[in-house]
Each structure stands twice: as C-alpha cells, then as structure tokens.
Amino acid sequence: NFTTEKVSTVAGNGKNEMHRGKNYPATEIGLRSPWGLALNGSDLYIAMAGIHQIWRLDLKKQSIGPYAGSGREGIDDGSLKRSSFSQPSGLSLIGNALYVADAEDSALRRIDIRRGRVETIAGTGLFNFGDRDGPLRKAELQHILGVAALDKNNIYIADTYNHKLKLADLRKGKMITTAGTGKPGKSDGVALAAELNEPGGIAALGNTILIADTNNNRIMQYDLKTQTLSEWKLVE
C-alpha cells in the first residue's frame, strides 16, 4: 500500500501448490512460481509458471483459482480448460487480449478473455526454439520471459536467451528484431548494434520500452522514435 507504506499478503500461504481445479480463499492456498501479473478491473491474472497455468485472483471476493491451462505442459490451443502452457512467465493485457510469454515452448500466446479461447501467435512446439524473424507462423524465439502490448497491433517481446528485444507486428504478420545483436554483452546506442544479456521483464512507458537487462544488472530503455537503446535512470 503506497499510502500506508505497508506490505500485506493478498494471495498465497507461503507453500508451493500443486495443480488444483477450483477456486479457494486467496490466502489459504499456496502458489507455485508466480512470475507475471496483469490487472483487469478487479481481476488479477497470474502467470503460474510452476504448474503451467494462468490463474485469476478476484480481488473483490478474495478468491483464487486456475483460469486457463490444463496443468499439462504443452502448447495446445483452444478452450481455457483444454489449452496448455509451458512455464508461462510474462503477461500483458490490451483490451480483451491477454498476451502470454510462454517460456519453455518459446512462444507468444494470446487469450481472448471475452471468448475464452487460447491461441498461439508465434512458436512452433514444446521445447522448440531458434532465432528467426519473418512471418509469425515460421518465427522462432528462445525462452521468452517478458511481453508488453504497446497497442492492439504491436506486441514487444523479451527474447531472453537470444539476448534481443523483438516486435510481433500483428498487422503485418511479422516478427521483427528491434534491439540486440544476438550475442550477450553490455553496450548501448543504435538498438540493433547494442548488446543485452538475457533481457527478462519488459514494460511499455509512453514511447519507451523498459527492459530488465538481467545479467547486466541494469534497466534499459528502447526509444521507439529514435530506435536507440540506453540506460534508464531515475531522476530524484
């Protein structure tokens, strides 16, 4: 709470939870590697990486339970219950679309909240990976951990093990590298010549994409207008 400057638990009991199939009082059940969050009104979606599911916390009712994913590791599309994920790690919500960085199948997934359907935007199969731009159906990523929807057509991805920031352009149907050379390193400047080292979480902030440059212990900013990469510093 930023007003009271106090921390309180809203979900979880401190224990690792196995697969469950219904809702529970939020603080009476354990979680398992919650790695990403996305808020939609009073619903908080949680990327539960350890059990390959997306959970939903009802902040009004203070109840929590599985929302999408059977709990079986995979890359199955379809209904919420029959779909499957593989270590979902990052979430980003735009309108009725909840985007998922699905790490172990190196895939970008999308949940249509209104229709209750899951689909794969990019990714070729469980444990498949690579580094290929171009048409989304043939694009390859490697263990993506972060996703940030700039708008309904432009979805940025932390392509973690490829050490890149990529853009899924849904209007053009293409995957595009926007920052990073593909080699781990520590440099800035022109984005495509600059180096990252396992970028993790990302977030959109105006005309900037903020990047947690994990192994370099720094936060970087990618400027969409100038297409440059530089260290992001807070000014007190």
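Ile144 and Tyr99 end up in the same hydrophobic cluster when Ile, Leu, Val, Met, Phe, Trp and Tyr side chains are linked at under 4.5 Å. If you chain together hydrophobic residues whose side chains sit under 4.5 Å apart, Leu170 and Tyr156 never meet in one group. One hydrophobic cluster, built from ILVMFWY side chains closer than 4.5 Å, cannot hold both Trp35 and Leu98; they sit in different ones. Under a hydrophobic-cluster definition in which Ile, Leu, Val, Met, Phe, Trp and Tyr are linked whenever side-chain heavy atoms come within less than 4.5 Å, directly or via other members, Val147 and Leu39 are assigned to different clusters.
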Step-by-step side chain to side chain contact (heavy atoms under 4.5 Å, CB included) determination, Ile176 to Asp169: CA-CA 7 Å; Ile176 304 165; Asp169 187 325; 4.3 Å; yes
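Just one of Thr181, Asn162, Asp159, Leu229 meets the side-chain contact (heavy atoms from CB on, under 4.5 Å) condition when paired with Leu196; it is Leu229. Of the options Thr27, Leu59, Leu44, Leu31, a side-chain contact (heavy atoms from CB on, under 4.5 Å) to Ile64 is made by Leu31 and by none of the others.
For the side chain to side chain donor-acceptor pair (under 3.5 Å) test, no residue two or more places apart in sequence or in another chain qualifies with Thr178.
Ser63 contributes no side-chain N or O that, together with a main-chain N or O of Pro25, makes up a donor-acceptor pair within less than 3.5 Å. With Thr214 contributing its side chain and Glu198 its backbone, the two residues share a donor-acceptor pair below 3.5 Å. Side-chain atoms of Ser84 never come within 3.5 Å of backbone atoms of Arg82 as a donor-acceptor pair (strictly under, hydrogens ignored). No donor-acceptor distance shorter than 3.5 angstrom exists from the side chain of Asp213 to the backbone of Asn216, with no hydrogens or angles considered.
Side chains of Leu108 and Ile157 form a contact here, defined as non-hydrogen atoms less than 4.5 Å apart. Thr120 is listed as a side-chain neighbour of Ile75, based on a closest heavy-atom distance under 4.5 Å. Counting only heavy atoms from C-beta outward, the side chains of Glu140 and Met175 never approach each other to under 4.5 Å. Ile54 places a side-chain heavy atom less than 4.5 Å from the side chain of Leu91.
Interatomic distance, Asn215 CG to Thr160 OG1, rounded to the nearest 0.5 Å: 10.0 Å. Taken to the nearest 0.5 Å, the CD1 atom of Ile219 stands 10.5 Å off from the CD1 atom of Ile211. In this structure, NZ on Lys172 lies 9.0 Å from CG on Asn154, to the nearest 0.5 angstrom. With rounding to the nearest 0.5 angstrom, the CZ atom of Arg56 is 13.0 Å from the CE atom of Met48. Taken to the nearest 0.5 Å, the CG atom of Asp188 stands 5.0 Å off from the CE atom of Met220. Atom-to-atom distance recorded for Ser187:OG and Glu195:CD is 4.0 Å, nearest 0.5 angstrom.
Side-chain polar atoms of Gln221 and Ser230 form a donor-acceptor pair below 3.5 angstrom. A donor atom on one side chain and an acceptor atom on the other are not found under 3.5 Å apart for Thr208 and Asp223.
Taking the six-membered ring where the residue is Trp, the centroids of Phe129 and Tyr161 are separated by 6.0 Å or more.
Residue Arg137 comes nearest to Thr124 through the heavy atom pair O-CG2, 4.3 Å, listed as atom of the first residue, atom of the second, then distance. The nearest pair of heavy atoms linking Glu104 to His52 is OE1-CE1, 4.3 Å. Of all the heavy atoms in Ala103 and Leu145, the pair that sits closest is CB-CD2, 4.0 Å. When every heavy atom of Asp43 is checked against every heavy atom of Asp58, the shortest pair comes out as OD1-CA, 4.2 Å. When every heavy atom of Ala194 is checked against every heavy atom of Gly189, the shortest pair comes out as CB-N, 4.3 Å. Nearest approach of Leu136 to Ala168, heavy atoms of both residues: CD2-CB, 4.2 Å.
Sorted by first then second residue, the salt bridge (Lys or Arg N to Asp or Glu O under 4.0 Å) pairs that include residues 107-131, not counting sequence neighbours, are Asp77-Arg109, Asp102-Arg109, Asp105-Arg109, Arg110-Glu119, Asp112-Arg115, Asp131-Lys164, Asp131-Lys166.
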